Asker: 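Please see the structure below; I have some questions.
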Amino acid sequence: MSIKQVLTLIMSLALLAALCGCEQPPAETQPDADGYPPVAAELLMATGDMDGSYYAYGNVLAQAVIGAGRGVTISVEGSESTDDSLLRLLSGEIQLAIVQGDALHQRYTGDVSAAQQELQQLQVIAALYPEVCQLIAAADAGISTAAELSGKRVGTGSAGSATAESVRQILAAYQLDAASVQTQALGFGEAAQALTDQQLDAFFAVSAAPNNAVSQLAARRAIVIVPLEGAQIEALIAEYPYYQPQQITPAEYAFLSAPVNSIAVWSMLVCSADLAEDVAYVLTRAMFEQQAAIVAGHAKGVYLDAEAAVRGSSIELHPGARKYYEEIGVL
């Protein structure tokens with residue numbers, strides 16, 4: 001073989017190697033044997049009132065995702081309100097938040113907040129579980145319907161919280177407002193303590209049932225859960241279709257002797273639109289594949305369902321989450 005032929009062969013082999021290299025991504029960017037892309041992300045998630053269900057659920061969800069061993073870790077902390085969580089998410093201080101779906105919808109669409117354009121930088125990972133509107137009253141307060149809150153001292157949730165907005169809508173459905181009800185902006189734990197100390201007659205908690213603050217209160221003072229039902233609630237659902245009928249049962253609260261009719265909204269796991277697509281995909285997939293661990297740690301894990309997760313929100317899905325839902329055929 002001549003020198004010219006040898007050089008031609010070497011150049012051909014080099015070109016072939018280069019072409020093969022172009023077709024194959026570097027090993028560190030290739031999905032693993034299970035199809036997970038390689039990621040390494042440490043995320044911070046805000047969960048609202050630490051006495052509420054978001055904080056407990058968020059910790060269980062975080063441990064399940066970490067336990068999947070797919071490169072995403074989540075640290076959980078409380079926040080003052082839904083607005084606080086959303087503002088911190090927009091500022092980049094945190095990467096994830098669990099918020100009440102109705103409040104997210106209102107703020108995103110501009111029904112409540114003038115900053116809706118900023119909020120449209122947020123996207124949804126999944127709808128998680130229904131949160132029931134719980135009207136808790138002292139057994140001796142003489143409150144058997146929401147209409148009887150007139151003139152009473154009522155906790156309405158932390159200022160700026162999603163609970164506070166739901167309470168405003170519920171009271172309006174009964175033609176009540178701050179002028180007819182002695183409202184106090186208190187979180188779940190604060191309201192439960194105030195009712196124990198006879199400084200409140202009732203309070204609202206929009207939360208998964210059982211709510212820790214309510215369960216602990218029941219051991220200290222006789223309480224009832226007031227039904228939210230009838231024509232006023234039917235009109236509320238017609239006006240705000242993100243509400244749905246929901247019962248609170250003796251399985252959730254031992255002090256109940258029969259189910260109590262109420263309404264619920266879905267809690268949402270949201271993120272910034274800036275969250276990397278691969279990270280959002282790994283988070284979403286790991287969360288659903290670790291559902292058994294979530295169920296073992298929190299009763300509301302049974303509601304984690306991919307079809308419900310995409311139906312529960314009118315807000316845009318993150319592309320990484322959408323990729324997972326498309327893979328499994330729910331989109």
Side-chain angles (χ1 to χ4, degrees), residues 52-54 57 100-103 105-106 127-152 154-157 161-177 180-181 183 188 191-192 195 200-218 221-268 298-300 302-303 305 308 311-312:
S53 59
Y54 290 172
Y57 189 98
Q100 199 171 301
D102 59 325
H105 174 87
Q106 292 155 8
L128 299 176
Y129 59 83
E131 298 179 272
V132 64
C133 300
Q134 303 166 60
L135 174 51
I136 312 300
D140 57 2
I143 302 171
S144 58
T145 74
E148 294 173 337
L149 291 174
S150 181
K152 302 294 186 180
V154 181
T156 56
S161 68
T163 291
E165 179 58 23
S166 291
V167 172
R168 183 193 66 78
Q169 294 171 347
I170 293 168
L171 292 179
Y174 286 89
Q175 298 186 327
L176 298 171
D177 56 24
S180 54
V181 178
T183 60
F188 304 148
L195 198 148
L200 276 186
D201 300 303
F203 69 92
F204 284 88
V206 181
S207 163
N211 175 285
N212 290 337
V214 174
S215 297
Q216 292 169 11
L217 171 62
R221 187 170 183 194
I223 58 175
V224 297
I225 299 182
V226 180
L228 296 174
E229 59 187 0
Q232 295 94 336
I233 295 301
E234 290 173 3
L236 179 71
I237 294 173
E239 184 174 0
Y240 304 106
Y242 40 73
Y243 289 111
Q244 64 183 39
Q246 183 83 14
Q247 286 193 324
I248 308 168
T249 70
E252 294 161 327
Y253 292 117
F255 65 86
L256 292 178
S257 59
V260 177
N261 290 328
S262 189
I263 52 176
V265 295
W266 280 84
S267 61
M268 312 297 299
H298 198 289
K300 297 307 173 185
V302 297
Y303 289 101
D305 174 80
R311 288 199 311 266

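This one's a predicted model, so the numbers in the text were calculated from it and none came from an experiment. For reference, positions follow the sequence shown, starting with 1.
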Asker: Of all residues at least two apart in sequence or in a different chain, which pass the side-chain contact (heavy atoms from CB on, under 4.5 Å) check with A172?
Answerer: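 Partners of A172 by the side-chain contact (heavy atoms from CB on, under 4.5 Å) criterion come out as none, since no residue qualifies.
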Asker: So which of T156, V167, T183, V214 actually passes side chain to side chain contact (heavy atoms under 4.5 Å, CB included) with F203?
Answerer: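 For F203, the side chain to side chain contact (heavy atoms under 4.5 Å, CB included) check succeeds only for V214.
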Asker: Please identify each residue that fulfils side chain to side chain donor-acceptor pair (under 3.5 Å) with S166, with sequence neighbours left out.
Answerer: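 With sequence neighbours excluded, S166 shows a side chain to side chain donor-acceptor pair (under 3.5 Å) to Q100, D102, Y243, given in chain and number order.
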Asker: According to side-chain contact (heavy atoms from CB on, under 4.5 Å), who are the partners of N212, at least two apart in sequence or on a separate chain?
Answerer: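 Listed in chain order: Q216.
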Asker: I would like to know whether R221 and D140 meet side-chain contact (heavy atoms from CB on, under 4.5 Å); could you show each step before the answer?
Answerer: CA-CA 10 Å; R221 187 170 183 194; D140 57 2; 3.1 Å; yes
Asker: In chain order, what residues pass the side-chain contact (heavy atoms from CB on, under 4.5 Å) check against P245, with sequence neighbours excluded?
Answerer: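 Partners of P245 by the side-chain contact (heavy atoms from CB on, under 4.5 Å) criterion, ordered by chain and then number, come out as I237.
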Asker: Output every pair passing side-chain hydrogen bond (donor to acceptor under 3.5 Å, both in side chains) with a member in residues 226-236, not counting sequence neighbours, ordered by first then second residue.
Answerer: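 Only E229-N261 qualify under side-chain hydrogen bond (donor to acceptor under 3.5 Å, both in side chains).
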Asker: Evaluate Y253 against V260 for side-chain contact (heavy atoms from CB on, under 4.5 Å), listing each step before the verdict.
Answerer: CA-CA 11 Å; Y253 292 117; V260 177; over 6 Å; no
Asker: To check you understand the geometry: which heavy-atom pair defines the closest contact between F188 and A205, and what is its length?
Answerer: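 Result for this residue pair: CE2-CA, 3.5 Å.
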Asker: Can you name the side chain to side chain donor-acceptor pair (under 3.5 Å) partners of Y303, sequence neighbours left out?
Answerer: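 For Y303 there are no side chain to side chain donor-acceptor pair (under 3.5 Å) partners, ignoring immediate neighbours.
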Asker: Verify, without hydrogens or angle tests, whether K300 (side chain) and A209 (backbone) share a donor-acceptor contact under 3.5 angstrom.
Answerer: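 Here the side-chain-to-backbone pair exists.
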Asker: Only counting residues at least two apart or in another chain, list the ones meeting side chain to side chain donor-acceptor pair (under 3.5 Å) with Y174.
Answerer: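 Result, side chain to side chain donor-acceptor pair (under 3.5 Å) vs Y174: none returned.
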Asker: Nearest 0.5 Å, please: how far is CD1 in I248 from SG in C133?
Answerer: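 Between atom SG of C133 and atom CD1 of I248 there are 8.5 Å.
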Asker: For D305, enumerate each residue passing the salt bridge (charged side-chain N to carboxylate O under 4.0 Å, His left out) test, keeping only those at least two apart in sequence or located in another chain.
Answerer: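 In terms of salt bridge (charged side-chain N to carboxylate O under 4.0 Å, His left out), with neighbours along the sequence ignored, D305 is linked to no residue.
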Asker: May I have the step-by-step check of side-chain contact (heavy atoms from CB on, under 4.5 Å) for V132 and V206, ending in yes or no?
Answerer: CA-CA 6 Å; V132 64; V206 181; over 6 Å; no
Asker: I'd like to check the side-chain contact (heavy atoms from CB on, under 4.5 Å) partners of S150; sequence neighbours left out, ordered by chain and number.
Answerer: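 Listed in chain order: L176, S180.
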Asker: If every non-hydrogen atom of Q134 is compared with every non-hydrogen atom of S207, which pair is closest and at what distance?
Answerer: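 Of all heavy-atom pairs spanning Q134 and S207, the closest is NE2-O, 2.9 Å.
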Asker: Can you tell me how far CG of L195 sits from CD1 of I136, rounded to the nearest 0.5 angstrom?
Answerer: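 Between atom CD1 of I136 and atom CG of L195 there are 9.0 Å.
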Asker: Decide side-chain contact (heavy atoms from CB on, under 4.5 Å) for I263 and Y240; before the verdict, give the C-alpha distance in whole Å, the side-chain angles of both, and the deciding distance to 0.1 Å.
Answerer: CA-CA 11 Å; I263 52 176; Y240 304 106; over 6 Å; no
Asker: With D177, which residues qualify under salt bridge (charged side-chain N to carboxylate O under 4.0 Å, His left out), at least two apart?
Answerer: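 Once residues adjacent in sequence are excluded, D177 has no partner under the salt bridge (charged side-chain N to carboxylate O under 4.0 Å, His left out) criterion.
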Asker: Would a distance-only check, ignoring hydrogens and angles, find a side-chain to backbone donor-acceptor pair under 3.5 Å from K152 to I143?
Answerer: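 It does not hold such a pair.
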Asker: Which atom names give the shortest non-hydrogen contact between P250 and S257, and what distance separates them?
Answerer: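 Nearest heavy atoms, P250 then S257: CG-C, 4.0 Å.
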Asker: What pairs with T249 under side chain to side chain donor-acceptor pair (under 3.5 Å), at least two apart in sequence or on another chain?
Answerer: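 In terms of side chain to side chain donor-acceptor pair (under 3.5 Å), with neighbours along the sequence ignored, T249 is linked to E252.
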Asker: Between I233 and L228, what is the shortest heavy-atom contact and its length?
Answerer: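 Smallest heavy-atom distance, with atoms named: CG1-C, 3.5 Å.
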Asker: If you compare all heavy atoms of P227 against all heavy atoms of S144, which two are closest, and at what distance to 0.1 Å?
Answerer: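 Result for this residue pair: CD-O, 3.6 Å.
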Asker: For Y57, check ring pair (Phe, Tyr, Trp, His ring centres under 6.0 Å) against everything at least two apart and list the hits.
Answerer: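 For Y57 the ring pair (Phe, Tyr, Trp, His ring centres under 6.0 Å) partners, ignoring immediate neighbours, are Y129, H298.
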Asker: Might you point out which heavy atoms bring A146 and V226 nearest each other, and give the distance in Å?
Answerer: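 Heavy atoms only, the tightest pair is N-CG1, 3.8 Å.
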